[in-house]
Amino acid sequence: MASVSLREIYKKYPGGVIAVSDFNIEIKDKEFIILVGPSGCGKSTTLRMIAGLEEISEGELYIGDRLVNDIAPKDRDIAMVFQNYALYPHMTVFENMAFGLKLRKVPKDEIARKVEEAARILDISHLLDRKPKALSGGQRQRVALGRAIVREPQVFLLDEPLSNLDAKLRAQMRTEISKLHKKLGTTFIYVTHDQTEAMTMGDRIVVMKDGYIQQIDSPTNLYQNPVNQFVAGFIGSPQMNFIDAKLLKIDGKYTVEFGSEDTKTTRGRKFYVEIPEAKVDEEILEPMIDQEVVLGVRPECIHDEEMFISNATTGILEATVEVTEMMGAETYLYINCENIPLTARVSPRSTARPQDVIKVAIDPNRIHLFDKETEKSLIN
């Protein structure tokens with residue numbers, strides 16, 4: 001098995017287009033790494049450079065101890081699984097899985113043993129005589145995985161392998177791939193734009209934007225301690241609420257102020273969230289007093305329960321419910337507070353209905369604060 005090391009990797013196209021900039025990561029042996037980000041952020045290009053399908057413009061790529069920049073894809077000891085399965089329609093499942101081994105002149109009995117073993121692991125033994133057109137999307141994806149497994153590569157590269165599947169099958173295949181990783185004990189590098197996949201499968205996640213790495217961290221750390229507003233907004237579903245605000249110091253306490261102020265009428269209101277002492281870092285917050293900031297609040301940190309509101313001493317808002325979405329185990333409330341749209345994730349027992357004016361409370365212990373100009377995190 002093998003570690004993978006990318007050192008100051010760049011991908012530049014003719015015309016000055018830079019797809020990937022200064023990409024640095026040390027991927028440990030047997031680690032499950034996920035590259036995630038919006039379309040066009042450079043994640044698939046990075047994966048294709050590891051595979052050898054794209055030339056590296058600058059930097060060094062090591063698989064194990066071997067520099068592989070100039071080594072052909074077939075000699076890198078990697079296997080790649082694509083989102084469109086890339087199966088040969090005229091071949092059976094067995095023949096599709098065996099194809100790479102045949103090219104390598106592996107003996108027939110060894111091919112049969114490896115294919116049958118991979119089919120057993122993936123629960124597709126009963127499909128070996130079928131052609132791809134007779135398979136469902138999930139079965140085809142298993143065949144594509146099986147074709148990679150039989151090669152026993154040092155590194156698996158998976159490029160959005162579940163994006164063609166329906167939601168239920170995608171959830172099932174996420175679990176299957178996680179189990180497969182544990183079973184095989186091989187390094188997995190997995191590309192997706194779906195942050196649910198990233199959060200549930202990866203040991204570490206690389207969040208990318210515009211060709212740059214924004215943050216590399218565990219799923220929990222990315223969620224709780226995003227380094228900037230982009231990461232905070234990208235990770236989590238529904239996404240974090242962002243509120244334009246101002247940082248004040250009132251009676252010696254750091255306080256975030258937001259809302260509107262209308263001097264001619266009494267309609268404008270200001271709301272305040274006091275920052276708990278445990279979250280305060282004077283060195284960071286003191287220079288930001290009276291400055292514009294962005295308050296970040298995750299939907300699950302906005303509560304409509306009477307018990308929470310009655311105990312709250314700060315962050316109580318009045319808002320109009322615009323839309324409710326019953327999700328089964330939870331309800332999403334889309335609310336409007338002084339023309340600030342917010343999403344709250346509340347109990348399914350919530351009685352709030354569209355057009356209701358309700359009180360909600362922000363949990364001050366779980367707020368995030370970002371610099372309005374740099375978008376860097378001030379407190380998590």
Side-chain angles (χ1 to χ4, degrees), residues 38 166-171 174 193-200 219 223-224 226 229-246 255-276 279 293-370 380:
D166 62 58
K168 186 181 175 189
L169 202 49
R170 213 160 46 224
R174 280 205 306 265
H193 62 271
D194 182 335
Q195 52 93 18
T196 307
E197 277 177 34
M199 293 294 284
T200 52
Y223 194 76
Q224 294 176 351
Q229 204 173 316
F230 174 79
V231 174
F234 193 82
I235 298 293
S237 178
Q239 81 156 46
M240 185 184 282
N241 297 291
F242 294 116
I243 305 167
D244 285 336
K246 197 174 193 180
T255 303
V256 182
E257 174 196 74
F258 61 94
S260 61
E261 196 164 44
D262 190 337
T263 51
K264 292 178 187 169
T265 72
T266 55
R267 273 180 296 175
R269 280 170 303 176
K270 292 282 190 184
F271 299 100
Y272 299 90
V273 181
E274 205 175 275
I275 299 172
K279 278 184 160 310
V293 291
V294 175
L295 173 65
V297 187
R298 293 212 179 269
E300 61 269 29
C301 303
I302 300 177
H303 302 272
D304 71 341
E305 296 98 331
E306 184 53 47
M307 187 180 75
F308 197 97
I309 293 165
S310 58
N311 288 327
T313 55
T314 181
I316 299 170
L317 321 178
E318 203 169 83
T320 305
V321 179
E322 295 186 330
V323 178
T324 64
E325 285 182 352
M326 176 63 182
M327 306 298 287
E330 59 200 6
T331 294
Y332 297 162
L333 301 182
Y334 297 91
I335 59 180
N336 190 299
C337 170
E338 291 297 306
N339 291 323
I340 301 165
L342 299 171
T343 307
R345 180 192 259 159
V346 299
S347 160
R349 295 186 297 278
S350 173
T351 56
R353 294 292 172 265
Q355 306 316 311
D356 286 356
V357 176
I358 62 169
K359 275 191 174 175
V360 294
I362 291 172
D363 183 349
N365 297 300
R366 296 180 65 191
I367 61 170
H368 302 259
L369 210 58
F370 304 94
N380 283 316

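Every value quoted in this text rests on a predicted model; they were computed, and no experiment measured them.
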Any heavy-atom pair between the side chains of [Y] and [X] that's under 4.5 Å?
X	Y	answer
E274	Y272	no
S237	Q195	yes
Q224	N380	no
I235	P226	no
M327	R345	no
I275	L369	yes

Within the distance-only criterion (no hydrogens, no angle test), does the side chain of [X] pair as donor or acceptor with the backbone N or O of [Y] below 3.5 angstrom?
X	Y	answer
N241	V297	yes
D356	I358	no
K359	L317	no
T343	Q239	no
R298	Y223	yes
E338	K270	no

Closest approach of [X] to [Y] (non-hydrogen atoms, all atoms of both residues):
X	Y	answer
R353	T324	CA-CG2, 4.2 Å
A232	F370	CB-CZ, 3.5 Å
A352	V321	CB-CG2, 4.1 Å
P348	A329	CD-O, 3.4 Å
D304	S350	OD2-OG, 2.7 Å
A319	C337	CB-CB, 4.0 Å

For side chain to side chain contact (heavy atoms under 4.5 Å, CB included), just list the numbers for R366 and E300, CA-CA rounded to whole Å, side-chain angles, deciding distance to a tenth of an Å, and then say yes or no.
-> CA-CA 10 Å; R366 296 180 65 191; E300 61 269 29; 4.1 Å; yes
Distance (rounded to the nearest 0.5 Å) between [X] [atom1] and [Y] [atom2]:
X	Y	atom1	atom2	answer
I302	I335	CD1	CD1	5.5 Å
T196	R170	OG1	CZ	8.5 Å
K246	T255	NZ	OG1	13.0 Å
L295	I367	CG	CD1	5.5 Å
N336	T320	CG	OG1	6.5 Å
M199	D194	CE	CG	11.5 Å

Can Y332 and E330 be counted as having a side-chain donor-acceptor contact under 3.5 angstrom?
-> yes
Has M326 got more than 12 heavy atoms of other residues, nucleotides or ligands less than 6.0 Å from its CE?
-> yes
In terms of the angle between their ring planes, are H303 and F308 parallel, tilted or perpendicular, with boundaries placed at 30° and 60°?
->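 If you compare the ring of H303 with that of F308, the planes turn out parallel.
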